[in-house]
Amino acid sequence: MAATIDGKPITRFASHDEGYVQVVNAVSRAIADMEAKKPQRRANIPSPAPESPMFQTTDMVFIPRSSNLSLPRNFTDLDKDRARREGFDYVALYFENSLDELKNRHAGLEIDLHRLDADSFTCAVYINGSKVGQCAIWRGNQHHGMGDICYSQDSDQTLQ
């Protein structure tokens, strides 16, 4: 049974996120249906002991709760510096892999990605040898804004 509306593959959605949301919603509904059909027992009422331990089961009562509970944490400067570096590395890898996928899907598209150092890279996009867009992405200092990752771009409308 397909989990997306009309059985549409996630790869065919304009935004893969929309497809994943449909799958998560379908799975959530299936779990809720299963829980509604499951006989509920109170945790403090003992179940009669079966004759054989092989047939023993434990019934748990489903209690809705938040799964994202946490206690406040103070991050050290070392934690923050590592998170910035690891975040930038993730962005760079995501960017590079996305460009490779874009190149595989479009004939005549060429990518020139250049890693300047551990904290910056540039990219130029060409269609049939003509540059249609370029950007630079780098780790800035804390005064450049949120997340500490900065970018500049120059693009032509034909890239869309």
Is there a side-chain contact between [X] and [Y] (heavy atoms, below 4.5 Å)?
X	Y	value
H114	L116	yes
H106	L102	yes
W138	D119	no

For the atom pair [atom1] ([X]) and [atom2] ([Y]), what is the distance rounded to the nearest 0.5 Å?
X	Y	atom1	atom2	answer
F88	L93	CZ	CG	11.5 Å
D17	Q22	CG	CD	12.0 Å
R12	D6	CZ	CG	13.5 Å

Measure across [X] and [Y] and return the closest heavy-atom pair with its distance rounded to 0.1 Å.
X	Y	answer
L113	C123	CD1-CB, 3.8 Å
D112	Y126	CB-CE1, 3.9 Å
F13	K8	CE1-O, 3.7 Å

Kindly say whether A118 contributes a backbone atom to a donor-acceptor pair with the side chain of R115 at under 3.5 angstrom?
->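 Judged by distance alone, yes, a pair lies under 3.5 Å.
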N-O pairing of D81 and R84 below 4.0 Å =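 Salt bridge between D81 and R84, a charged N being under 4.0 Å from a carboxylate O: yes.
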R73/D79 salt bridge by N-O under 4.0 Å criterion =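 A salt bridge is present here (some side-chain N lies under 4.0 Å from a carboxylate O).
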In terms of the angle between their ring planes, are Y20 and H16 parallel, tilted or perpendicular, with boundaries placed at 30° and 60°?
->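 Perpendicular: the ring planes of Y20 and H16 meet at over 60°.
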Shared ILVMFWY cluster between F95 and Y151, side chains joined below 4.5 angstrom?
->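 Hydrophobic grouping puts F95 with Y151.
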Do I111 and V132 belong together in a cluster built from hydrophobic side chains that touch within less than 4.5 Å?
->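 Cluster IDs for I111 and V132 match.
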Do E110 and K103 pass the side-chain contact (heavy atoms from CB on, under 4.5 Å) test, and can you show the C-alpha distance, the side-chain angles, and the key distance before you say yes or no?
-> CA-CA 6 Å; E110 292 294 326; K103 183 180 172 185; 3.6 Å; yes
With sequence neighbours left out, write down each residue that passes salt bridge (charged side-chain N to carboxylate O under 4.0 Å, His left out) with E86, or none if nothing qualifies.
->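 Scan of E86 (salt bridge (charged side-chain N to carboxylate O under 4.0 Å, His left out), adjacent residues dropped) gives none.
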If you count the non-hydrogen atoms of other residues, nucleotides and ligands that lie under 6.0 Å from CD1 in I5, is the total more than 12?
->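 Not more than 12 within 6.0 Å, no.
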Could you verify whether a donor N or O on one side chain and an acceptor N or O on the other, from S120 and D117, lie under 3.5 Å apart?
->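 Result is yes, a qualifying pair exists.
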